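Below is one structure; the comments refer to it alone.
Source: prediction; values computed, not measured. Numbers here simply count residues along the sequence, with the first being 1.
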Amino acid sequence: MSIPSGRALSFRQASGFLLVAVASVLVWYAWLGWDTEYQVNAVTNETSGPYETWQVIGCVLSLLVLLVGAVLVGLAPLTASAALTLAFTSAWTAQAASTDDTGLFAVGTVMILFGLGASSTVTSLATARLRRRFAR
């Protein structure tokens, strides 16, 4: 008994969504999740962090490779974008909420959700368009 092609596609998209979501959480942890320590400048007494610039750049590039790769192997652009955005935002928010006494983590959550959502949507749609163009 074979699976109708419509169901196979749905299963493939659902599996892809789950894989991108898990990979997004792993990217978050690999680059940012382990670092919760803030740095204090001894001269100015200003606090920054917890992330260093190199961590954020590495995280962004890893998410970019993940997203483009997912679309190139056939995951629907909006599915890939939604999986990446929701999983990464959830992972970041869970850690931020557990360490923030001020409640300002919610502002960061909204910024990540909309910023990552918009940029991943544009990137995934552009990738899908280029994929179609070069597939001819």
Worksheet item: Passes side-chain contact (heavy atoms from CB on, under 4.5 Å), W28 versus C59? Steps please.
Response: CA-CA 7 Å; W28 165 80; C59 185; 5.6 Å; no
Worksheet item: Does the side-chain contact (heavy atoms from CB on, under 4.5 Å) test come out yes or no for L67 and T127, once each step is laid out?
Response: CA-CA 9 Å; L67 182 63; T127 301; over 6 Å; no
Fill in: CA sep, side-chain torsions, deciding dist, call: V40, E46, side-chain contact (heavy atoms from CB on, under 4.5 Å)
CA-CA 6 Å; V40 179; E46 290 183 24; over 6 Å; no
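In plain terms, the two heavy atoms of Q13 and L75 that are nearest each other are OE1-CD1, 3.2 Å. Across every non-hydrogen atom of L66 and S24, the tightest pair is CD2-OG, 3.6 Å. Closest heavy-atom contact between V71 and A80: CG2-CB, 4.0 Å. Across every non-hydrogen atom of L32 and Y51, the tightest pair is O-CE2, 3.3 Å. What you find for G117 and S81 is that their closest heavy atoms are O-OG, 3.8 Å. Taking each heavy atom of R131 and L72 in turn, the nearest pair found is NE-O, 3.1 Å.
Side-chain contact of W92 with T109: a donor-acceptor pair under 3.5 Å is absent, judged by distance alone.
In this structure, D100 CG and T93 OG1 are separated by 11.0 Å, a value rounded to the nearest 0.5 Å. Distance check, rounded to the nearest 0.5 Å: OG of S98 to CD of Q95 gives 6.0 Å. Interatomic distance, OG of S120 versus CG of L86, reported as 9.0 Å (0.5 Å rounding).
Linking ILVMFWY residues whenever their side-chain heavy atoms come closer than 4.5 Å, directly or via other members, places W34 and L63 in the same cluster. In the hydrophobic cluster analysis, where Ile, Leu, Val, Met, Phe, Trp and Tyr join through side-chain heavy atoms closer than 4.5 angstrom, L113 is grouped apart from F105. No path of Ile, Leu, Val, Met, Phe, Trp and Tyr side chains, each step under 4.5 Å between heavy atoms, connects L19 with Y29, placing them in separate hydrophobic clusters. Hydrophobic clustering keeps I112 apart from L104 (ILVMFWY residues linked when any side-chain heavy atoms are closer than 4.5 Å, directly or through intermediates). Connection of F17 to L116 is not established within any shared hydrophobic cluster, with ILVMFWY side chains joined at heavy-atom distances below 4.5 Å, either directly or through further cluster members.
Within a 6.0 Å radius of CG in N41, more than 12 heavy atoms belonging to other residues, nucleotides or ligands are found.
Looking at T89 and T85, their side chains come closer than 4.5 Å, going by heavy atoms from C-beta outward.
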